[in-house]
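Written out below as structure tokens is the structure these notes cover.
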Amino acid sequence: MRHALCSFLPCVFMGVVAAVEGVASAGEPPHAISGPRETSTLASSLRRARQARDAGRWVEAEAAYELSLKAADAAWTTDAERAEIAAELGLCELALGRYRDAADHLAQSLRHRDALRGGLAERAEEGLKKAESRVVTFYLGVSPPDAEVLVDGKTPGRPAPTYELFLEPGHHTVRARLDGHTDAVSSLEGQAGGRLSLTLKLLRAPERGAPQAAGGGPVRAADPAARSTVPMTELRIGGAALATAALGAGAVFLMRADVVHDNLAERDVVFRGRGWTSSTCWWPNAPSACAEIRDDAAERDLFATLGKVALATGAVFGIATAASFLAEGWILDETPVRGGVHVVPSPTGTQAGLVLQGVW
């Protein structure tokens, strides 16, 4: 048990370090490099936009705010500054009757609602409600999340697991595509003020050169990948995450139990030096320290039990996840499937295990 704990702790430490580094890098400004040219363009376009807005020249104000937003993306600006520009641009588009663009920019600004000043948040919220009553609010989920999405032939932005989109009322076609997968296509019909939701899941495409069925369908019945139409990636990721979490919790619990046990051992040495025996705490007039000793012993036993249960649970999830790789990587005649998982025994003088190699 102690050997397994010592082997696992460096992995936990490396994961914590990687997470801290990711948070540190995520906290850096997204536009860390900008020059005086971008800053000057942003200032001048914002000045023109505000003058046109105050004069009620909405077309001129909309064009200037749109230029300001592009300049802000290239300059070193904060989320609050970009949110304010997006809100003003959305209000100009709303005044011009461009409801879909208005809803898009107003929703973008309200993701940083607390950064909007001077009643701008309230005006953006009211404007978004008005714009949403004229468009279709569409929530889209995509799996795998790195698939490219096309709505009526146009991409809504960078690949993401979920999208909040605003569409004109009417008929629309949504497509998701990714190399090595079959395209997922769906059509939808939306009414003004309505809300729609859709999830597109892309299945892995059959390998090139695989035998085709008589009707032109896929492949060999003996191929596990052909028999399974349910993608296993999400289940494997979940299994690995649960196994890691359970093993980490078990390690923490056992470490805590070990600390409490060491404290009890030290106190036992001290008390025995004072003349205590194993029956001292059972005397009718037992010292008050006996209650603390009993509490510590109960705490030690509780953490030890929790640690063992967590480690056993993690082992079950880990074995189940590894078994899914093993089942996919081999067929009935024990020949490795191309692109599957190769399983290699790895015995040593004191341990035995399996090494899984492949892509999943």
Tell me whether [X] shares a hydrophobic cluster with [Y], the cluster being built from Ile, Leu, Val, Met, Phe, Trp, Tyr side chains joined at under 4.5 Å.
X      : Y      : answer
Leu91  : Leu69  : no
Leu120 : Leu46  : no
Leu167 : Leu140 : yes
Leu178 : Leu200 : yes
Leu311 : Phe303 : no

Nearest heavy-atom pair of [X] and [Y]: which atoms, and what distance?
X      : Y      : answer
Ser187 : Thr173 : OG-OG1, 4.0 Å
Leu106 : Leu128 : CD1-N, 3.5 Å
Cys92  : Trp58  : SG-CE3, 3.9 Å
Phe253 : Ala310 : CD1-CB, 4.5 Å
Ala64  : Ser45  : CB-O, 3.7 Å
His172 : Asp152 : ND1-OD2, 2.6 Å

Rounded distance (nearest 0.5 Å) linking atom [atom1] of [X] with atom [atom2] of [Y]:
X      : Y      : atom1 : atom2 : answer
Glu126 : Glu122 : CD    : CD    : 9.0 Å
Arg82  : His112 : CZ    : NE2   : 7.0 Å
Ser109 : Asp79  : OG    : CG    : 12.5 Å
Asp262 : Asp258 : CG    : CG    : 4.5 Å
Thr313 : Leu242 : OG1   : CG    : 10.0 Å
Leu202 : Glu148 : CG    : CD    : 11.0 Å

Query raised in the report: Above 12 or not: heavy atoms from other molecules or residues under 6.0 Å from CG of Asp54?
Result: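 Yes, the 6.0 Å shell around CG holds more than 12 heavy atoms from other groups.
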Within the 4.5 Å heavy-atom criterion, are [X] and [Y] side-chain neighbours or not?
X      : Y      : answer
Leu96  : Asp101 : no
Glu164 : Gln108 : no
Leu67  : Arg48  : yes
Tyr139 : Thr162 : no
Leu89  : Glu62  : yes
Arg50  : Tyr65  : yes
Ser143 : Thr199 : no

Query raised in the report: Could you go step by step and tell me if Leu165 and Val151 meet the side chain to side chain contact (heavy atoms under 4.5 Å, CB included) rule?
Result: CA-CA 10 Å; Leu165 305 175; Val151 180; 3.9 Å; yes
Query - Partner of Arg177 under side-chain contact (heavy atoms from CB on, under 4.5 Å), chosen from Val185, Val149, Asp183, Thr182 - result: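 Passing option: Asp183.
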Query raised in the report: Do any N or O atoms from the side chain of His261 and from the backbone of Val259 form a donor-acceptor pair under 3.5 angstrom?
Result: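 No; judged by distance alone, with no hydrogens or angles, the pair does not exist.
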Query raised in the report: Would Glu88 and Arg123 satisfy side chain to side chain contact (heavy atoms under 4.5 Å, CB included), going step by step from the backbone distance to the final call?
Result: CA-CA 9 Å; Glu88 294 286 3; Arg123 290 193 289 127; 3.8 Å; yes
Report task. Kindly determine whether Arg113 and Glu125 satisfy salt bridge (charged side-chain N to carboxylate O under 4.0 Å, His left out), including the steps that lead there. Result -> CA-CA 9 Å; Arg113 189 184 190 284; Glu125 222 166 38; 3.1 Å; yes
Query - Full working for side chain to side chain contact (heavy atoms under 4.5 Å, CB included) between Glu93 and Tyr99 - result: CA-CA 7 Å; Glu93 292 166 334; Tyr99 299 110; over 6 Å; no
Query raised in the report: Any ion pair linking Glu132 and Arg195 (charged N to carboxylate O, less than 4.0 Å)?
Result: yes
